[in-house]
Amino acid sequence: MVLQVTNSPFHQEQVELLNRLLPTLSEGQRIWLSGYLAAVQSGAVATAPEGASTTVPASVPASANAISKEVTILYGSQTGNSQRLSKKLGEKLQAQGFQVTLSSMGDFKTNNLKKVETLLIAVSTHGEGDPPDNAIPFYEFLHSKRAPRLEGMRFSVLALGDTSYEKFCQTGKDFDKRLEELGASRLTPRVDCDVDYDEPAAEWMQRVTEALDGAASADAGSGAAAAVALAGAGVPGAAASEYSRTNPFDAEVLENLNLNGRGSDRETRHIELSLEGSGLDYEPGDCLAVYAENHPRLVGELIEAMGWNADELVPVGKNGDQRPLRDALSRSFEITVLTKPLLEQAAKLSAKLSANDELQALTAAGREADLRAYASGRDLLDLVQDFGLKGIPAKEFVAILRKLPARQYSIASSSKANPGEVHLTIRKVQYEAHGRERYGVCSTFVSERLEIGDKVPVYVHNNPNFKMPSNPDTPLIMIGPGTGVAPFRSFLAEREEIGASGKTWLFYGDQHFATDFLYQTDWQRWLKDGVLTRMDVAFSRDTDRKVYVQHRMLEKSKELYQWLQEGASVYVCGDEKRMAHDVHAALASIIEREGGFSAEEAAEYLGRMQQDKRYQRDVY
């Protein structure tokens, strides 16, 4: 953010002062400052005479006759959704006169928890029920014996998750339960959000705001304060654009190449899209969300199995819009994933048909393990065929389907190096399961049906928790096997453009050197030019022993630990279920071995790195 003198009401000295101050402010400080200036303008805060010294108070003071309405907001966010919602709520409360302190759970000082009177938490669930990385310290503290009694606290929780996972919104549920166990009382009930979270999150914010307004009015005579804790600080990025998840931009395809060589059993597409005229901007570490289409073969087989008319108009949303059934199943509804809520609602519909009660039995209480086993690897076509659901009208059936969510991919380009463009690295997913061919929705769409000149709906998903250090001299260690290498192509392209001098080290792996070395010429050029200092590769199928990136890390244990001691930041991108855990274990082992630490001390070392944002992960 740089203030220009042209058309500015400030003189040159003021501009210089502002340009020194603004880049140093956190998002919470910016929100506070905006509220403070608004209070000054309204006369709620007295201003000192020009030239007099002033002491800025720790929070915006209320007028003498007004109640203090302090709000502290804490978030736990892996990819930025909870963080953005927290910021939005903070701005909403600020506009209504509340004094908002905005902080991530990782930055929150737990010794202040006892002072909080009203706590709002917005938190996502990562992987199989785990807290996001920046929520782990606060989560562990709250569930430890050191957590204080909180009888004087009111709280509310917004939980984000995905119903296709077994432990849907588990972290939010854990916080909700634990706060109650510690004696806190609910300001409003917890709200659990699926991937399409906009409406339930907005409703939660409205209930919280109304409850706080009501409490403030009731307490006005006593002068009691309200404090709210949410999560998440600064959200840089593409907020200025009119395009978003609810209003995506139709990006034209400029390039669509297969990065794998002849003979590979993998297909990885390099996609280049035009953002010209969108106003969308992004930073290294951000994602691009793509609205793809379901496979036409699956759509056709589903319509045939149900005996539906492909041209029948069906509702697609709550605003009364209708589309032909084939189009709706292709572009509007999720049909490749079975979730517990979907199976339960399908069981209710099937009860209207016949005496077939197998689906009702499967969704009965106590059958959760059987339900999960059935849902794994199956889709909507399996469901309607296995349980004889033919006969349910299309309009009733689509009403129980959730919206087709956008698929998010780490951006593989730098907007400085490729202005007006964005690049993606997408590996095709196609396999056989339960006697039928299965297709990854977006990966198959882009590899089989997306041509140069076509347009695809997209939006930028800012990820504030996977960002390069602000200091370009900071050494970087990047670990990204397979398509996990995509953001590091973005990192290095950006560093080349800005002339960053810090050394860089990339660990990359795939199956075969000859056919699966993604972006090989890019890495070689950056190595030659010094943008990439060193690179270690692991091609797991080229030798009798399978070698992965974590093995290369352990082989370079001494050097890697030396980089850590020199202040290097570590970035990991790729598979969460196996790779990320193996890499984390390798890092802990290296720290323990080379630093002479115990296992517990090595874990604390990594924990401090995460808290200091020196260890960041974009895993899925």
Side-chain angles (χ1 to χ4, degrees), residues 124-130 157 159-174 176-177 189-197 199-200 203 294-295 298-299 301-308 314-318 325 328-329 332-405 433-436 438-439 441 577:
S124 62
T125 294
H126 186 55
E128 299 297 334
D130 299 321
V157 174
L160 270 62
D162 184 338
T163 51
S164 64
Y165 285 86
E166 175 187 348
K167 296 184 178 180
F168 171 62
C169 287
Q170 188 61 50
T171 303
K173 294 174 182 176
D174 290 346
D176 190 61
K177 178 182 178 183
R190 185 188 77 245
V191 171
D192 297 337
C193 301
D194 200 358
V195 290
D196 185 27
Y197 57 78
E199 289 186 10
E203 291 174 2
N294 287 309
H295 202 290
L298 177 60
V299 171
E301 290 174 348
L302 180 60
I303 291 173
E304 182 180 359
M306 292 297 284
W308 288 332
V314 295
V316 288
K318 298 181 179 179
L325 178 62
L329 292 176
S332 298
F333 296 113
E334 175 74 86
I335 63 174
T336 61
V337 177
L338 297 182
T339 66
K340 182 180 178 182
L342 171 62
L343 290 170
E344 290 172 341
Q345 292 179 75
K348 293 178 182 177
L349 290 179
S350 71
K352 302 177 182 179
L353 295 178
S354 65
N356 184 344
D357 58 0
E358 292 182 21
L359 187 53
Q360 286 88 341
L362 180 64
T363 57
R367 295 283 304 276
E368 284 79 7
D370 295 331
L371 189 150
R372 288 195 302 271
Y374 175 78
S376 178
R378 289 186 170 88
D379 58 28
L380 201 60
L381 180 59
D382 295 307
L383 177 66
V384 301
Q385 290 178 332
D386 293 345
F387 296 100
L389 301 185
K390 184 175 182 179
I392 298 176
K395 288 182 179 180
E396 290 187 36
F397 204 97
V398 299
I400 70 172
L401 302 180
R402 70 176 185 175
K403 292 181 181 178
L404 181 63
H434 306 293
R436 187 158 54 81
R438 312 285 164 160
Y439 315 95
V441 173
K577 291 184 178 179

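Values reported hereafter were calculated over all heavy atoms of this structure, with side chains retained and with hydrogens, waters and symmetry mates removed.
Heavy-atom minimum distance, S350 versus I392: N-CD1, 4.3 Å. When all heavy atoms of R378 and D386 are compared, the pair lying nearest together is NE-OD2, 4.0 Å. A pairwise comparison of heavy atoms in T125 and Q170 identifies OG1-N, 3.1 Å as the closest pair. Here the closest heavy-atom approach between residue P341 and residue T163 is recorded as CG-CG2, 3.9 Å. Annotation for G129 and T171: closest pair O-OG1, 3.8 Å, computed over non-hydrogen atoms. The nearest pair of heavy atoms linking G377 to A433 is O-CB, 4.4 Å.
Side-chain contact check for L389 versus F397: some heavy-atom pair is nearer than 4.5 Å. Within the 4.5 Å cutoff, the side chain of F333 has heavy atoms near those of the V316 side chain. Looking at heavy atoms from C-beta onward, S164 lies in side-chain contact with T339 at the 4.5 angstrom threshold. Residues E203 and V191 form no side-chain contact, since every pair of their non-hydrogen atoms from C-beta on lies 4.5 Å or further apart. In this structure the side chain of L342 reaches within 4.5 angstrom of the side chain of L380, judged on heavy atoms.
Distance check, rounded to the nearest 0.5 Å: CD of E301 to CZ of R436 gives 6.0 Å. Considering CG of L371 and NZ of K340, their distance stands at 7.0 Å, rounded to 0.5 Å. Note that CZ of R372 and CG of L338 are 14.5 Å apart. Values are rounded to the nearest 0.5 Å. With rounding to the nearest 0.5 angstrom, the CG atom of L359 is 12.0 Å from the NZ atom of K348. With rounding to the nearest 0.5 Å, the separation of CZ in R438 from OG1 in T336 is 10.0 Å. Here the CE-CG distance, from M306 to L381, works out to 10.0 Å after rounding to the nearest 0.5 Å.
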Point to revise | Check against side chain to side chain contact (heavy atoms under 4.5 Å, CB included), D192 and K173 | key: CA-CA 8 Å; D192 297 337; K173 294 174 182 176; 3.6 Å; yes
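In this structure, the side chain of K167 does not engage the main chain of D130 through any donor-acceptor pair within 3.5 Å. Using modelled atom types, no side-chain atom of E304 and backbone atom of L302 make a donor-acceptor pair closer than 3.5 Å. No donor-acceptor pair under 3.5 Å is formed between the side chain of D196 and the backbone N or O of P405.
Checked options D379, L329, V398; the residue passing with I335 is L329 (criterion: side-chain contact (heavy atoms from CB on, under 4.5 Å)).
Using bins of under 30°, 30° to 60° and over 60° for the plane-to-plane angle, the ring pair Y439/H295 lands in the parallel bin.
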